[in-house]
Amino acid sequence: MNVSRETFHAAMKECKRGETLQVTIETATADGTGIARVDGQVVFVPGALPGEVCKIRIAHIGRSAVFAELLRVEQPSAHRVEPDCPYFPACGGCDFRHADYALETELKRQRVLDALNRIGGCGLENLKITGAAEQDGYRNKVQYPVQEQNGHAEAGFFSAGTHRVIPIAHCRIQPDCADAIRAAVLRWMAQYKIRAYDEKTGRGYIRHIYIRCGAVSGETLVCISANCKQLPRSAELTAAIRAAAPDVTSIVFTPNEKKGNTILGDTFLPLYGPGWIQDTLCGLTFRLSPAAFYQVNHDQAEILYRKALQFAALTGTETVLDLYCGTGTITLCLAREAGRAVGVEVVPQAIEDAKENAKRNGLADKTEFYCMDAGQAAQMFAAKGERPDVIVVDPPRKGVSADVIEAIGTMAPQRVVYVSCDPATLARDLKQFTAEDYNIEAVTPVDMFPGTAHAETVVLL
């Protein structure tokens, strides 16, 4: 809604901080925050759902928005459910434990549609989202920040918008093995008086407990990130983790003396096992190191990748370029059906995994991998006169840079398949692709992250 500054401030005077009002929630943001209107002014009400009549208290009047506290739901939505997690909403991990899955997926579908039309100017009339059969226990990766609280270490997840850890004994969307591993590491820290890292002072040791599980293989990797070059009592830690979680097949230490709150260091030192696990996705076997990208929802990833392959429409002779290839998951899926597949990724460990994965799956002779920045690689291929038939991009949340899109335009593939984890940057990039004379042929949102506001989208250009 476009409101002039004068109109906003005039309406804002009608709302007073601390004022109690009864409102009807008209709609909601992508993260489930309810939206009401008071004298024409938008008021955001966290925890309220569309259609509900609520009693609210005005909590904050900003320069461009009013925020309220939900006091009571007078008339609840048919989509409201009792939250099934004791940490919701204090923990910042989930957004929709108070709403049923039908409303959650509808809000995600609308978010993608609105972004593509409003930011990208795509002019889409409708979209269909592919929901998830399982909404709990779907994640195969956990990253617990560790923090000193009341004289002892705690591990959990950051409260929304803060770096304050909410201790979590059990998270519904994480694998069950995470509970035992987390508890074992905290007991080890208490027994040997090993302090948690303090982000403000830069002192202390343990920063993050990182866990990666193979959904098919059942293998589990634990990576301890610590503010030191050598991990104290590492033998005792290994014994404690293995006793608590016998399925653990690799334990890794990553020295991380960087300031701030980065999770992993640059090196990975195996304490037990090979330092990686393997898993099966789309009928292919993948080696997974701690730093390598791998979709966190195995079952939905297979749906997403099948859709990407369908959009690529390969016949067995094409050359395919996969930018931001991670461990080579999409690259190898493409290589099975193409003549040649080239993968590009900036993370060295991921490229090593990708090369190994190509060998494991008998696709080494059909694949090439480059450890390069995607922009540099795209420009290099364009300058060399490479003309891939299909280019696939699966960038991080920040999207594809303008120089990459320009280089893709120069190479002029018949089809571009864009896999996105952020509707806003996707919409921005699609607008530039259309300026490069590409047409949007198909868009499919896939819910990879039930319970949260995030959605994945695959687009055929």
Side-chain angles (χ1 to χ4, degrees), residues 284 286-287 291-293 305 308-420 425-426 428-441 458-461:
L284 297 168
F286 294 94
R287 186 181 81 174
F293 173 77
Y305 289 176
L309 284 169
Q310 176 189 333
F311 286 175
L314 301 173
T315 63
T317 61
E318 294 86 356
T319 295
V320 183
L321 174 59
D322 180 15
L323 299 174
Y324 315 93
C325 72
T327 58
T329 47
I330 293 182
T331 317
L332 298 186
C333 290
L334 295 165
R336 284 191 302 192
E337 301 182 21
R340 170 176 171 249
V342 180
V344 176
E345 172 61 53
V346 74
V347 178
Q349 295 90 347
I351 282 293
E352 290 306 309
D353 282 349
K355 292 177 179 178
E356 174 62 26
N357 291 332
K359 294 176 184 176
R360 285 167 175 257
N361 293 283
L363 294 168
D365 59 339
K366 297 181 67 176
T367 54
E368 300 172 32
F369 291 97
Y370 293 85
C371 187
M372 297 180 68
D373 171 78
Q376 293 174 342
Q379 290 173 343
M380 179 188 76
F381 291 133
K384 288 168 60 177
E386 291 274 1
R387 293 292 182 266
D389 301 287
V390 179
I391 292 181
V392 177
V393 293
D394 186 3
R397 199 168 299 282
K398 64 182 180 180
V400 181
S401 60
D403 59 336
V404 174
I405 297 175
E406 289 173 8
I408 291 173
T410 299
M411 288 183 277
Q414 291 297 307
R415 292 176 296 284
V416 176
V417 179
Y418 191 139
V419 180
S420 166
T425 56
L426 170 65
R428 177 203 67 198
D429 295 346
L430 292 183
K431 191 170 187 178
Q432 186 174 347
F433 270 112
T434 57
E436 295 284 345
D437 292 329
Y438 280 93
N439 297 317
I440 299 168
E441 296 293 331
V458 57
V459 179
L460 170 62
L461 293 153

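- Judged as a ring-ring contact (aromatic ring centres under 6.0 Å, His included), and not counting sequence neighbours, the contacts of Y370 are F381.
- Within the 4.5 Å cutoff, the side chain of L430 has heavy atoms near those of the I440 side chain.
- Using a 4.5 Å heavy-atom threshold, the side chains of M411 and I391 count as touching.
- A358 and F369 get closest at one heavy-atom pair: CB-CE1, 4.0 Å.
- Counting heavy atoms from C-beta on, the side chains of F293 and Y324 never come closer than 4.5 Å.
- Rounding to the nearest 0.5 Å gives a distance of 12.0 Å between CD1 of I405 and OG1 of T410.
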After noting the C-alpha distance and the side-chain angles of V458 and Y305, does the key distance pass the side-chain contact (heavy atoms from CB on, under 4.5 Å) rule? CA-CA 9 Å; V458 57; Y305 289 176; over 6 Å; no
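- Across L334 and L314, no two heavy atoms sit closer than the pair O-CD1, 3.6 Å.
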For side-chain contact (heavy atoms from CB on, under 4.5 Å), just list the numbers for M372 and V346, CA-CA rounded to whole Å, side-chain angles, deciding distance to a tenth of an Å, and then say yes or no. CA-CA 5 Å; M372 297 180 68; V346 74; over 6 Å; no
Kindly determine whether L426 and V459 satisfy side-chain contact (heavy atoms from CB on, under 4.5 Å), including the steps that lead there. CA-CA 9 Å; L426 170 65; V459 179; 4.0 Å; yes
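- Between A382 and A407, the shortest heavy-atom contact is CB-O, 3.9 Å.
- Checking V393, D394, D373 one by one against L323, the side chain to side chain contact (heavy atoms under 4.5 Å, CB included) holds for a single residue, V393.
- Partner of F311 under the side chain to side chain contact (heavy atoms under 4.5 Å, CB included) criterion, chosen from V419, V392, L460: L460.
- When side chains are defined from C-beta on, K366 counts as touching L363, because their heavy atoms get closer than 4.5 Å.
- Within the model, atoms CD1 of I330 and CG of L284 stand 12.0 Å from one another, a figure rounded to the nearest 0.5 Å.
- Between V344 and D322 the shortest side-chain heavy-atom distance does not fall below 4.5 Å.
- Using a 4.5 Å heavy-atom threshold, the side chains of I408 and P413 count as touching.
- Residue pairs satisfying the side chain to side chain donor-acceptor pair (under 3.5 Å) criterion with at least one member in residues 332-341, sequence neighbours excluded, are listed as follows: R340-E368.
- For residues 341-360, the salt bridge (Lys or Arg N to Asp or Glu O under 4.0 Å) pairs, not counting sequence neighbours, are R287-D353, E356-R360.
- Taking each heavy atom of K398 and T425 in turn, the nearest pair found is O-CG2, 3.7 Å.
- Contact annotation: the side chain of V342 never approaches that of T367 to less than 4.5 Å [non-hydrogen atoms, C-beta and beyond].
- Distance check, rounded to the nearest 0.5 Å: CG of D389 to CD of Q414 gives 7.5 Å.
- What you find for D365 and G362 is that their closest heavy atoms are OD1-O, 3.9 Å.
- Between V404 and A378, the shortest heavy-atom distance links the atoms CG1-CB, 4.2 Å.
- Within the 4.5 Å cutoff, no side-chain heavy atoms of N439 are placed close to those of L461.
- Not a single donor-acceptor pair under 3.5 Å links the side chain of T329 to the backbone N or O of C325.
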